[in-house]
Amino acid sequence: MQQAKNFVSESVNSLTNSTQQVGESWTQSAEQIQNTTSTAIQTAINSSVSAWLEQHPNIFRLLQIFGWAVNHPIVSFIILLFVLAILGSIIKAIVRLIETASWSILQIPFKLLFAIINVSFQSFTKIGSLALKQLVGSKQTANLTVLPLADAQLFDKDKQQRLAVISNRLSEIQKEQHELLKEATELLASDTSDIKIEG
């Protein structure tokens, strides 16, 4: 009976040991497969990344600089501030350039308008003076034929004096107009130069 118990006990122990050995061998096999697979994947990734970095050496240098910056945070912070300052000044310069260009573009219609007004006033005064001369000349000839000679000379003197006054006044108005237009164009030009100086 004792031998039977020992035999059953030994059989159970040997079965347990063999089951345990099989489980351990499977676990070791699974771990080996996992390790082998992860090593193969890691090797494939490393080789492809290495090949890509060899084809792009500038990126490799940037990664080296980034690794150096991670190891030296104070120096990298100072470099970062320097880069941000340069970018800020570049952005300000671009904004100033856009502002100056847009202001110049906005002034073009006003300058054209003032030039058109100036030309039209000059043309109007020239046409007006020519029409006035023709009108005065034709009236003088018409009046001379109707009036007696003594009355015509007296009338012509008054008329000539009045026409001389009108002509002088028109020339004064034309000069004043030219001065005002010149002042307006100088004001526009000074506004443009002030904006460029402030920028």
Side-chain angles (χ1 to χ4, degrees), residues 56-59 61-66 68-69 72-199:
H56 302 89
N58 292 332
I59 295 176
R61 287 188 195 113
L62 285 175
L63 288 175
Q64 285 178 333
I65 291 170
F66 181 71
W68 178 82
H72 301 87
I74 295 172
V75 176
S76 61
F77 181 71
I78 292 170
I79 292 171
L80 178 67
L81 288 178
F82 183 69
V83 168
L84 289 177
I86 290 173
L87 286 176
S89 63
I90 290 171
I91 290 171
K92 282 182 183 178
I94 291 171
V95 167
R96 271 190 241 132
L97 179 67
I98 291 171
E99 185 178 314
T100 304
S102 62
W103 184 250
S104 297
I105 290 170
L106 287 175
Q107 282 185 343
I108 288 173
F110 293 112
K111 288 182 179 179
L112 286 174
L113 181 67
F114 280 119
I116 290 170
I117 290 171
N118 188 10
V119 169
S120 64
F121 275 133
Q122 287 177 357
S123 301
F124 180 71
T125 54
K126 286 180 183 177
I127 291 170
S129 65
L130 286 174
L132 186 62
K133 285 179 184 177
Q134 288 178 354
L135 183 66
V136 169
S138 65
K139 282 189 177 180
Q140 282 180 349
T141 57
N143 287 338
L144 284 175
T145 57
V146 174
L147 294 174
L149 188 58
D151 289 340
Q153 288 177 351
L154 181 64
F155 184 72
D156 282 341
K157 287 182 183 178
D158 290 339
K159 205 174 195 184
Q160 285 178 355
Q161 287 176 353
R162 181 65 184 151
L163 286 174
V165 169
I166 290 172
S167 177
N168 288 337
R169 182 70 181 131
L170 283 173
S171 66
E172 288 175 6
I173 290 172
Q174 187 177 9
K175 286 178 185 177
E176 185 178 352
Q177 175 188 351
H178 284 297
E179 290 174 2
L180 288 174
L181 285 172
K182 184 178 178 182
E183 184 179 349
T185 54
E186 287 174 358
L187 285 174
L188 283 175
S190 69
D191 285 346
T192 305
S193 62
D194 288 345
I195 288 171
K196 287 181 182 174
I197 289 170
E198 288 174 3

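Atom set for the values below is all heavy atoms of this structure, side chains included, hydrogens, waters and symmetry mates excluded. These numbers come from a predicted model, not from an experiment.
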Taking [Y]'s backbone N and O only, do any of them form a donor-acceptor pair with [X]'s side chain (distance below 3.5 Å, no angle check)?
X	Y	value
Ser120	Ile117	yes
Ser167	Leu163	no
Thr100	Leu97	no

Qualifying residues under salt bridge (charged side-chain N to carboxylate O under 4.0 Å, His left out), relative to Glu172, sequence neighbours excluded: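 If we apply the salt bridge (charged side-chain N to carboxylate O under 4.0 Å, His left out) test to Glu172, skipping adjacent residues, the hits are Arg169.
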How long is the gap from [atom1] on [X] to [atom2] on [Y], to the nearest 0.5 Å?
X	Y	atom1	atom2	value
Gln174	Gln122	CD	CD	7.0 Å
Gln64	Leu62	CD	CG	9.5 Å
Ser89	Lys92	OG	NZ	8.0 Å
Thr125	Leu170	OG1	CG	8.5 Å
Ile91	Ile86	CD1	CD1	12.0 Å
Ile65	Ile79	CD1	CD1	8.5 Å

Side chain proximity check, Lys182 to Glu186, heavy atoms < 4.5 angstrom: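 The answer is yes, as the side chains (C-beta and beyond) meet within the 4.5 Å cut-off.
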Close side-chain approach of Lys111 to Ile108, heavy-atom, < 4.5 Å: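 No, every pair of side-chain atoms sits at 4.5 Å or beyond.
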Residue Ile74 excluded, over 12 heavy atoms near CD1 under 6.0 Å: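 Open: at most 12 neighbouring heavy atoms sit under 6.0 Å from CD1 of Ile74.
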Steps toward side-chain contact (heavy atoms from CB on, under 4.5 Å) verdict (Glu176, Leu180): CA-CA 6 Å; Glu176 185 178 352; Leu180 288 174; 4.3 Å; yes
